[in-house]
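Reminder, nothing fancy here: chain letters follow the sequence lines and each chain counts from 1.
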Amino acid sequence: MKWHEILIRYGEITTKGRNRKLFINRLKENLRYTFADIPNLRIRSERDRMYLSSEVDTEMEELIERLPHIFGIHSFSPVAQCEPTLEVMKDLAVEIVKGMDYKGKTFKVNVKRSFKKFPMETYELQQTIGSYVLGSLPGMTVQMKNPDIELRVEVREKAVYMMVDVIHGAGGLPIGSNGKALLLLSGGIDSPVAAYYMMKRGVRVEAIHFFSPPFTSDQSLGKVKELCEKISRFGGNIRLHVIPFTEIQQKIQSSVPENVTMTSTRRMMMKVADIVRKEIDAKAIVTGENLGQVASQTLESLAAINDVTTTPILRPLITFDKLEIIEVAQKIGTYDISIRPFEDCCTVFTPANPKTKPRVEKMNYYESFTDFDEMIERAVKNREIHSFPKKKTDEFLDLL
Amino acid sequence: MIYLDHSATTKPDPAVLQTFIQANERYYANPASLHQMGVEANALLTRAREQIADIIKTSPEQIIFTSGGSESNNFAIKGLARANKHRGMKILVSAIEHASVLESAKALEKEGFTIDTIDVDEHGVILIEDLKQKLTKDTVVVSIMHVNNEMGAVQPVTEIANIIHQNSRAFYHMDAVQSFGKIPVQFKGEDGPDAITVSGHKINGLKGSGFLALRKQVNINPIIHGGGQEMGYRSGTVAVPQDVALAKATRLAIEKQPQKALQYSKWRDDLHEFFKQFPYVHVLSGSEGAPHIISCAVKGLKGEILVNAMQHEGIIISTSSACSSKEHTVSHVVRAIKLDPSYEKGVIRMSLGEGITDADIETFKAVFSKVMHQVKEM
């Protein structure tokens with residue numbers, strides 16, 4: 001099927017009143033960035049619609065395949081074009097419907113005839129094209145109200161446009177239209193899903209990961225990098241801050257009672273994250289925490305962890321069931337990476353009986369004997385920063 | 001020596017060999033190992049997989065490295081049929097498939113599957129009407145090759161895929177061993193097959209390497225069980241250097257494909273024309289066939305005699321197919337096209353590939369004429 005252009009409908013952006021233009025431009029930039037590998041891409045935006053096109057057929061297919069992942073798009077439709085003569089229109093109509101799963105479906109043709117000098121009346125055109133399609137592709141029945149397949153035909157002076165598919169977009173808002181947040185990314189199932197939901201609301205995400213070599217392996221870090229690569233698919237680039245966390249984690253083990261080491265670890269992570277957040281000018285910290293999932297995720301525990309900062313900590317998954325989270329993780333393609341079995345910073349020193357109701361005052365007391373701040377500063381300073389998506393020109397280039 | 005048996009196997013490209021050596025020297029660790037060397041080997045393997053996925057337009061998780069064409073064909077047919085019994089127990093194959101497809105199907109008969117064979121015309125192109133008739137609701141796997149290895153017949157695979165997808169729930173497996181790198185292979189959208197087989201040594205890569213690519217995530221049962229490598233689809237320590245070399249061979253094959261197709265078609269047309277002057281030579285490949293395979297049958301002669309006589313003059317050709325050339329029976333492909341019995345033992349195949357020149361083709365013609373003269377007089 002040869003598509004001429006892709007029509008994009010905005011969805012929530014349309015409610016944005018005077019800021020609308022900002023949102024539209026952000027979406028346009030995101031599209032440009034995400035489709036940088038499609039050299040012939042042309043983007044044209046109007047108040048209510050955006051149009052993408054490329055002269056190269058395979059590029060059009062590529063666009064249709066990748067557009068459903070872009071936030072800020074409510075739906076889109078591939079549009080075909082032909083010259084305004086009846087024979088050609090009939091053929092194109094059949095070709096379009098043929099490409100769909102049409103058997104046993106209800107069908108209707110909807111003609112808009114803005115070129116009034118076209119020799120046939122709207123109603124007549126509707127009937128002629130409709131019966132031709134039905135005759136050529138048996139198995140469909142006509143239905144005027146809510147048909148399964150509605151072939152829309154627009155007759156203009158120079159050309160005729162046809163479309164039929166309305167493909168659902170990812171919804172939400174264009175990434176970057178709602179500021180930036182720092183995500184705690186462990187390598188587990190939850191945090192990438194949390195990232196996905198934040199990005200859906202237009203938030204640009206940077207990630208922070210706590211790395212404890214030699215207790216955690218390069219593969220554990222590799223997992224996190226792959227997750228970044230995966231989620232960068234939804235919204236341009238993602239930076240990953242890798243914090244060397246071994247020293248702090250060991251210090252916690254030796255200086256606070258065993259049953260609260262986990263709480264303390266989380267508090268230190270929060271402190272580190274907050275410094276990085278400030279540096280990168282992000283406005284919030286995001287975690288994949290979920291109420292009641294593990295010992296560190298009770299309300300008391302969350303309160304104790306939260307106590308170290310006044311920065312908003314967003315927990316988009318707080319009320320989700322584990323199965324719901326897994327479902328989304330599978331949908332966005334992070335699940336298979338997340339379940340690879342490598343130790344990460346949260347699992348490597350798990351106490352046998354973690355306290356589910358830690359008290360803030362006690363936590364402060366236990367930690368007061370050690371100068372954690374100095375270690376934290378050092379960790380932040382020695383962090384490694386990686387950018388995703390990674391360019392595929394790598395060390396293996398000569399081999400491949 | 002002029003080598004005209006590229007459909008049997010090709011000479012590895014020096015760049016591919018180089019990759020193989022380097023990968024063996026530097027990345028010999030087991031990619032499943034936890035240590036740094038394992039991580040690096042795995043990273044390289046991942047990149048190789050991604051490169052192939054990029055080229056044929058599927059996702060890396062849908063590329064399964066195998067030991068070559070036969071294994072991929074076995075895996076596709078047995079794996080898809082066994083995992084999807086609930087869809088039906090019938091398997092459809094064309095009459096001219098490679099033995100690895102036919103024998104895999106036959107092996108499944110013992111498990112309760114039924115096999116139906118689609119007939120072909122005189123040029124080895126399947127009869128679409130026959131496919132339509134035999135494709136029933138309980139068909140689970142259809143395997144029809146893209147280019148036939150003995151005759152070079154190109155199947156109308158887009159039409160085939162459409163018919164299969166619109167009229168059944170069957171998976172369409174396409175053996176692309178002889179088409180990949182020779183003609184464009186489409187592997188995307190509803191028009192494409194659900195699984196394709198590619199073999200390394202047919203594209204100037206290494207023997208013992210190949211892949212099965214799946215268009216999207218499907219249920220498929222492994223035939224090799226063990227440590228769960230290759231996403232659990234094929235156990236056994238992954239042959240990283242082979243697979244990396246395969247990725248390189250795949251890239252080179254695709255890059256060179258358009259230019260080669262032009263070059264080979266020119267020679268093929270030239271040879272078709274050339275054979276016309278011999279009244280007792282019948283060209284089997286249709287003019288619409290693959291650019292690199294020319295097969296013909298000589299009346300009242302044994303193909304083997306011609307192969308030997310030509311070899312004597314420094315030209316390597318083969319009888320219908322290398323895989324079956326040691327059997328003294330008439331090939332099933334030749335049977336399927338219902339060739340006149342006086343021709344059926346005299347089938348020879350010339351297959352083109354890298355390194356052949358215009359001069360080689362001219363030499364071939366001269367030698368063929370001379371040999372024909374000699375053997376016909378005897």
TODO: Search all heavy atoms of B:Gln166 against all heavy atoms of A:Lys103 and return the closest pair with its distance.
DONE: O-NZ, 4.4 Å
TODO: Identify which part of B:Ala43 has an atom lying under 4.5 Å from any heavy atom of chain A, answering side chain, backbone, both or neither.
DONE: both
TODO: Please report the shortest heavy-atom distance between A:Leu399 and B:Thr19, naming the atom on each side.
DONE: O-OG1, 2.8 Å
Task: Part of residues 230-244 of chain B lying next to chain A, heavy-atom separation under 4.5 Å - done: B:Val244
- [ ] Under 4.5 Å heavy-atom distance to chain A, tell me which part of B:Phe20 shows up: side chain, backbone, both or neither.
- [x] neither
Task: Closest non-hydrogen atom pair between B:Gln51 and A:Leu400, with its separation - done: NE2-O, 3.0 Å
TODO: Tell me, for B:Glu40 versus chain A, whether the close heavy atoms (under 4.5 Å) come from the side chain, the backbone, both or neither.
DONE: backbone
Open item on the list: Given heavy-atom pairs under 4.5 angstrom as the criterion, report whether the side chain, backbone, both or neither of A:Glu62 touches chain B.
Closed with: both
Task: Heavy-atom closest contact (A:Asp398 atom, B:Gln22 atom, distance) - done: OD2-OE1, 3.7 Å
Task: Pairwise distance OG(A:Ser217) to CD(B:Gln36) - rounded to 0.5 angstrom - done: 9.5 Å
- [ ] Return yes when atom CD of A:Glu327 has more than 12 non-hydrogen atoms of other residues, nucleotides or ligands closer than 6.0 Å, and no otherwise.
- [x] no
Task: Contacting region of B:Gln18 [heavy-atom separation from chain A under 4.5 Å] - done: neither
